[in-house]
Amino acid sequence: MPELPEVETIKRTLGKKITGLTITDVEIIMSKVIRDPSPEEFSAQITGSKITRLGRRGKYLLLYLTGNNVLVIHLRMTGRLVYTEPSEPLAKHTHVVFSLSDGNELRFNDIRQFGRLQLAPKQALNQVKGLKDLGPEPLEREFTKTFLRRELKRKRVRIKSLLLDQTFIAGLGNIYADEALYRAHLNPQRIANSLSPREIAKLYHAITEVLQEGIENRGTSFRDYVDGDGRKGNYQELLQVYNREGSACKHCGTTITRIKINGRSSYFCPVCQREHN
DNA sequence: CGGCTCTCCTGCAAGC
DNA sequence: TGCTTGCAGGAGAGCC
């Protein structure tokens, strides 16, 4: 499930391969993955464009094209971008194929068909649904302790739910949210506006640290995620709580617990992350 | 508007 | 062994 560190890693690895290349053809195999415009318009606008640079906003990957367009890609759960030779057989769930001027292809495949591609004019990027309501980038200067304090104060949801809310902060998913809460010694069920200034400060540092470490380790590969080189990340080996139900906490040895919060799994150590203290 | 639930989809694991 | 059932999850729609 590509979250901020995974998308950032894809941006860096894929960027080295496809920046400067022209898209010579677009084949849409499953049209529902194209959110906007129509498949015909999508192909027509992209064909002949050059990829000038790659960007990222939250979990969205951005391919800046000549002709003033941006190809906005969200991989959701199982989406993959595969840079490969045309002779390579199409994977079962390949939905879109971009032919590139170096003779290779960029393929979008997605087992669960949740991922979406969208084309938007560069100046209209901040009007794209999903993108326009994103909260601050947690690794940029705009994400501050003051912001976190102010926003937490007016929220009555559980802190775990808030961390997953992209309109609150962009880029955290289930893995890094659980890891950040563990690092901050915060129980995922805590109500956001009950956190003390000290706890908020710990959470602030925990969020930036886990994301930074995720990037340094080229992301977390559970099942599907690979980077632009087709390589798996390493951060799954450094996870403290996520997907570790029944295992010992690496700090205190207590069994890691899993509960559901708003339908999402939350992994935590019941001792290191006590609800009341 | 805030906050919650349902939905999309396939692959895999658990259970009988 | 082979079937059925349930679960995983990001974000948008829809509800109160």
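Letters A, B, ... mirror the listed sequences (proteins, then strands); counts begin at 1.
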Chi angles and distances behind the salt bridge (charged side-chain N to carboxylate O under 4.0 Å, His left out) call for A/Glu8, A/Arg12: CA-CA 6 Å; A/Glu8 180 64 26; A/Arg12 293 178 185 184; 2.9 Å; yes

Contact under 4.0 Å: A/His74 side-chain N or O vs C/dA11 OP1/OP2: yes

Base C/dG10 to side chain A/Arg264, donor-acceptor N/O within 3.5 Å cut-off: yes

Strand contacts (DNA chain B) in residues 107-129 of chain A, 4.0 angstrom heavy-atom criterion: A/Ile111, A/Arg112, A/Gln113, A/Phe114

For atom CG of A/Leu75 and atom P of C/dG10, their distance in whole Å: 13 Å

Sugar-phosphate only, base, or nothing, as touched by A/Tyr267 at under 4.0 Å among non-hydrogen atoms: nothing

Residues A/Lys59 and A/Glu3 bridged, charged N to O under 4.0 Å: no

Any side-chain donor near an acceptor of the partner, A/Gln113 and A/Lys32, under 3.5 Å: yes

First and last nucleotide of DNA chain B, 5' to 3', lying under 4.0 Å from heavy atoms of chain A: B/dG3 to B/dG11

Touch class at under 4.0 angstrom, heavy-atom based, for A/Ser265 against every strand present: sugar-phosphate

Nucleotide C/dG12, atom C1' - distance to CG of A/Asp165 in whole Å: 12 Å

Pair A/Tyr176 and A/Tyr242, ring centroids less than 6.0 Å apart: no

Interatomic distance where CZ belongs to A/Arg258 and P belongs to C/dC7 [whole Å]: 9 Å

Between C/dA11 (C1') and A/Asp133 (CG): distance, integer Å: 12 Å

DNA chain B contacts among residues 148-159 of chain A, heavy-atom distance under 4.0 Å: A/Lys155, A/Arg156, A/Val157

